[in-house]
Amino acid sequence: MLSAKEPHAPHGLEIVHRLRGIQMVHTRPVYDVCPYDVTILGGDDSLDMLALAKLTKPVPFERQTHMLGEFIGVRVDGKLVAMAGQRMAFPGCTEISAVCVHPDHQGRGYARALVTVMTRRLERCGITPFLHIYIENEKAIGLYQHLGFDIRCQITIAKLA
């Protein structure tokens with residue numbers, strides 16, 4: 001469950017884990033150029049995507065998460081080293097999600113490039129991109145601010161059981 005207010009579990013369920021985060025919305029143009037070959041990821045890439053997500057833990061990610069929207073990635077020597085995708089969608093807005101980079105490949109601008117590409121793709125369709133980030137991930141928040149995203153609100157992510 002994701003909520004801008006303190007969540008309350010529905011009858012018969014309880015909150016077993018909760019995380020704090022922020023929601024950011026793209027409000028300013030992006031001018032960065034993507035220097036990498038970005039590929040569209042799909043079903044044949046699902047195991048690679050799941051392995052990268054399990055390693056980096058950007059968000060809850062399961063074997064079929066890639067079916068929620070378009071996912072893109074960067075491969076180095078055939079290995080998926082970075083990805084970003086779409087998850088939640090509302091009329092006129094789509095979430096950029098599962099932005100992650102393999103620890104051995106961080107600091108090379110892959111996240112910046114993938115978020116830039118995804119943002120441009122969405123905006124060309126008249127869609128406003130937004131993101132959810134764990135509140136303690138200051139590095140990612142700074143990157144997204146640089147890429148034209150502004151903080152909209154704080155959120156709570158609650159796991160129910």
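Only heavy atoms go into these numbers, but all of them, side chains included; no hydrogens, no water, no symmetry mates.
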Check: Are any non-hydrogen side-chain atoms of Glu70 and Ile40 less than 4.5 angstrom apart?
Finding: yes
Next item on the list: Answer with yes or no whether the hydrophobic clustering places Leu50 together with Val81; edges join I, L, V, M, F, W, Y residues whose side-chain heavy atoms lie under 4.5 Å apart.
Entry: no
Check: Are any of the side-chain heavy atoms of Thr94 and Met88 separated by less than 4.5 Å?
Finding: no
Margin query: Using 0.5 Å steps for rounding, measure from the CD atom of Glu95 to the CG atom of Leu68.
Written below: 9.5 Å
Next item on the list: Would you kindly confirm whether Leu147 and Val74 end up in one hydrophobic cluster when ILVMFWY residues are joined by side chain heavy atoms under 4.5 Å apart?
Entry: yes
Next item on the list: Verify side chain to side chain contact (heavy atoms under 4.5 Å, CB included) between Val30 and Val115, making sure each step is shown before the conclusion.
Entry: CA-CA 10 Å; Val30 176; Val115 171; over 6 Å; no
Notebook entry, point to check: Okay, side chain of Asn137, backbone of Ala140: is any donor-acceptor separation there less than 3.5 Å?
Noted result: yes
Margin query: Walk me through whether His105 and Val76 qualify under side chain to side chain contact (heavy atoms under 4.5 Å, CB included).
Written below: CA-CA 9 Å; His105 295 268; Val76 173; 4.2 Å; yes
Check: Are Ile157 and Arg18 close enough that some pair of their side-chain heavy atoms sits under 4.5 Å apart?
Finding: no
Next item on the list: Calculate, to the nearest 0.5 Å, the distance between atoms CD1 and CD1 belonging to Ile127 and Ile96 respectively.
Entry: 10.5 Å
Margin query: Restricting to non-hydrogen atoms, name the atom on Tyr36 and the atom on Ala113 that form the minimum distance, rounded to 0.1 Å.
Written below: CD1-CB, 3.8 Å
Next item on the list: Check Ala84 against Met118 and note the closest heavy-atom contact, atom names and distance.
Entry: O-CE, 3.8 Å
Check: Should Leu19 and Ile133 be regarded as members of a common hydrophobic cluster, given that ILVMFWY residues are connected when their side-chain heavy atoms come within less than 4.5 Å of each other, either directly or indirectly?
Finding: no
Notebook entry, point to check: Is the shortest heavy-atom distance from the side chain of Gln23 to the side chain of Leu131 under 4.5 Å?
Noted result: no
Margin query: Could you check whether atom CZ of Arg20 has more than 12 heavy atoms from other residues, nucleotides or ligands sitting under 6.0 Å from it?
Written below: yes
Check: Relative to each other, are the rings of Phe149 and His26 parallel, tilted or perpendicular (30° and 60° limits)?
Finding: perpendicular
Notebook entry, point to check: What are the two closest heavy atoms between Ile72 and Leu114, and how far apart are they?
Noted result: CD1-O, 3.6 Å
Check: Should Ile15 and Tyr134 be counted in the same cluster of Ile, Leu, Val, Met, Phe, Trp and Tyr side chains packed under 4.5 Å apart?
Finding: no
Check: Do Gln86 side-chain atoms and Gly69 backbone N/O form a donor-acceptor pair below 3.5 Å?
Finding: no
Notebook entry, point to check: Is a donor on one side and an acceptor on the other found under 3.5 Å between the side chain of Lys57 and the backbone of Lys54?
Noted result: yes
Item checked: Closest contact, heavy atoms only, Ser97 versus Phe71 -> O-CE2, 4.4 Å
Checklist line | Single-linkage hydrophobic cluster Val25~Phe90, side-chain heavy atoms < 4.5 angstrom | finding: yes
Check: Which pair of non-hydrogen atoms, one from Leu80 and one from Met83, has the smallest distance, and what is that distance?
Finding: CD2-SD, 4.4 Å
Margin query: Under a 3.5 Å threshold, yes or no: a donor from one side chain and an acceptor from the other, between Arg75 and Thr39?
Written below: no
Next item on the list: Working to the nearest 0.5 Å, report the span between CZ of Arg124 and CG of Leu122.
Entry: 9.5 Å
Check: For Asp37, does the CG atom have more than 12 heavy-atom neighbours from other residues, nucleotides or ligands under 6.0 Å away?
Finding: no
Next item on the list: Report yes if some heavy atom in the side chain of Glu123 is under 4.5 Å from a heavy atom in the side chain of Pro129; otherwise report no.
Entry: yes
Notebook entry, point to check: Is there a donor in the side chain of His146 and an acceptor in the side chain of Arg112, or the other way round, less than 3.5 Å apart?
Noted result: yes
Checklist line | Residue pair Ile151 / Gln145, side-chain heavy-atom distance below 4.5 Å | finding: yes
Note to self: Quick one: does any side-chain atom of Gln106 pair with a main-chain N or O of Val101 as donor and acceptor, under 3.5 Å?
What the structure shows: yes
Item checked: Spatial distance of atom CG (Leu52) from atom NZ (Lys79) [nearest 0.5 Å] -> 8.5 Å
Check: Any side-chain heavy atom of Phe130 sitting closer than 4.5 Å to one from Arg152?
Finding: no
Note to self: Please list all pairs meeting salt bridge (charged side-chain N to carboxylate O under 4.0 Å, His left out) that have one or both residues in residues 125-150, counting only residues at least two apart or in different chains.
What the structure shows: Arg28-Asp150
Checklist line | Nearest-0.5 Å distance that lies between atom CD1 in Ile141 and atom CD1 in Ile22 | finding: 3.5 Å
Next item on the list: Kindly indicate, with the supporting measurements, whether the criterion side chain to side chain contact (heavy atoms under 4.5 Å, CB included) is fulfilled by Cys34 and Val117.
Entry: CA-CA 7 Å; Cys34 178; Val117 168; 3.7 Å; yes
Notebook entry, point to check: Under 4.5 Å between any side-chain heavy atoms of Leu2 and His132, yes or no?
Noted result: yes
Item checked: Asp44 CG to Met49 CE distance, which is reported to the nearest 0.5 Å -> 11.5 Å
